[in-house]
Amino acid sequence: MSNSSRKLPNILVTGTPGVGKSELSRLLAERTGFGWLDVSKLAIEHKCLESFDEEYQCPVLDEDKLLDLMEPMMAEGGKIVDYHGTDFFPERWFDIVFVLRTNNTILYDRLVARGYSGKKLEDNIDCEIFQTLLIEAKESYKEEIVHELQSNIPEQTIDNVNRICQWIEQWKLDNQ
């Protein structure tokens, strides 16, 4: 699947849990008509989970099974992929990658409200502090397609949706 054969771009929205990926993806899908692929929900619905991690209190993803499921979806284009990891997705799938970032104090409050505690809470805050997902994205994709967006307040989410919509329109013009 080459990027040039798609009529619409594919977008990856990533970042630490709690930064606002799902909200941004939902709003972007509503505005653009693109398909929103919430990878966590897809994995549950299609039984792409291997086991349960007791330490983090979450299921372990069967990446190969998930990728096989997603391959035909991604070939169509016009997809927004929402997930907190990037390094196992094929580079060819995405035309642009947005890494959402949030102030640590705000993120802490969001994660506590979700019920995160202990090691899971601490590791996710550390992930944001050390820019783990931004670095992972830059190592997994061409650096020029990776963009960092702030996601602290609702107004920033709206600004980010507007910015991404402008990028989509330019992509369409450049790829007619």
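For reference, positions follow the sequence shown, starting with 1. Keep in mind the model is a prediction, meaning the values are calculated, not measured.
Phe34 is not listed as a side-chain neighbour of Asn10, based on a closest heavy-atom distance of 4.5 Å or more. No side-chain heavy atom of Arg31 sits less than 4.5 Å from a side-chain heavy atom of Ile164. The shortest side-chain heavy-atom distance between Ile11 and Ile168 falls under the 4.5 Å cut-off. Asp38 places none of its side-chain heavy atoms less than 4.5 Å from the side chain of Ser25. Residues Val81 and Met74 form a side-chain contact, since some pair of their non-hydrogen atoms from C-beta on lies under 4.5 Å apart. The shortest side-chain heavy-atom distance between Met70 and Leu66 falls under the 4.5 Å cut-off. With contacts defined as side-chain heavy-atom distances shorter than 4.5 Å, the pair Leu24/Asp82 does not qualify. At least one side-chain heavy atom of Ile96 sits less than 4.5 Å from a side-chain heavy atom of His147.
Between Leu28 and the choices Thr157, Asn160, Val161, Asn162, the side-chain contact (heavy atoms from CB on, under 4.5 Å) rule is met once, by Val161. The side-chain contact (heavy atoms from CB on, under 4.5 Å) test with Glu128 singles out one residue from Ile106, Asn104, Leu133, and that residue is Asn104.
Atom-to-atom distance recorded for Lys120:NZ and Ile125:CD1 is 13.0 Å, nearest 0.5 angstrom. Once rounded to the nearest 0.5 Å, the distance linking CZ of Arg110 with OH of Tyr116 reads 12.5 Å. A distance of 12.5 Å separates OG1 in Thr14 from CZ in Phe98, rounded to the nearest 0.5 Å. For the atom pair Ile80 CD1 and Ser22 OG, the distance stands at 11.5 Å (nearest 0.5 Å). Here Arg163 contributes atom CZ and Gln166 contributes atom CD; the two are 9.0 Å apart, rounded to the nearest 0.5 Å. Atom CG of residue Asp95 and atom CD1 of residue Ile145 lie 7.0 Å apart, to the nearest 0.5 angstrom.
At least one donor-acceptor pair under 3.5 Å links the side chain of Gln156 to the backbone N or O of Ile153. Using a distance-only test at 3.5 Å, with no hydrogens or angles considered, a donor-acceptor pair links the side chain of Tyr141 to the main chain of Thr86. The closest donor-acceptor contact from the side chain of Glu50 to the backbone of Val60 lies at 3.5 Å or more, if one exists at all.
A continuous path of Ile, Leu, Val, Met, Phe, Trp and Tyr side chains, each step under 4.5 Å between heavy atoms, connects Leu61 with Ile44, placing both in one hydrophobic cluster. In the hydrophobic cluster analysis, where Ile, Leu, Val, Met, Phe, Trp and Tyr join through side-chain heavy atoms closer than 4.5 angstrom, Val146 is grouped together with Phe89. Taken together through direct or relayed side-chain contacts under 4.5 Å among Ile, Leu, Val, Met, Phe, Trp and Tyr, Leu107 and Phe130 form part of one hydrophobic cluster. Leu149 and Ile135 sit in two unconnected hydrophobic clusters of ILVMFWY residues. Membership requires side-chain heavy atoms under 4.5 Å apart, directly or through other members.
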Kindly determine whether Thr16 and Asn124 satisfy side chain to side chain donor-acceptor pair (under 3.5 Å), including the steps that lead there. CA-CA 7 Å; Thr16 307; Asn124 278 290; 5.7 Å; no
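What you find for Leu69 and Cys48 is that their closest heavy atoms are CD2-SG, 4.3 Å. Closest approach of Val13 and Lys21 over heavy atoms only: O-CD, 3.8 Å. Contact detail for Met73 and Leu37: the closest heavy-atom pair is SD-CD2, 3.9 Å. Of all heavy-atom pairs spanning Leu67 and Pro90, the tightest one is CD2-CD, 4.0 Å. Closest heavy-atom contact between Arg101 and Leu134: NH1-CD2, 4.1 Å. What you find for Glu71 and Arg92 is that their closest heavy atoms are OE1-NH2, 2.9 Å.
Judged as a ring pair (Phe, Tyr, Trp, His ring centres under 6.0 Å), and not counting sequence neighbours, the contacts of Tyr83 are Phe88. For His46, the ring pair (Phe, Tyr, Trp, His ring centres under 6.0 Å) criterion is met by no residue, not counting sequence neighbours. For the salt bridge (charged side-chain N to carboxylate O under 4.0 Å, His left out) test, no residue two or more places apart in sequence or in another chain qualifies with Glu122.
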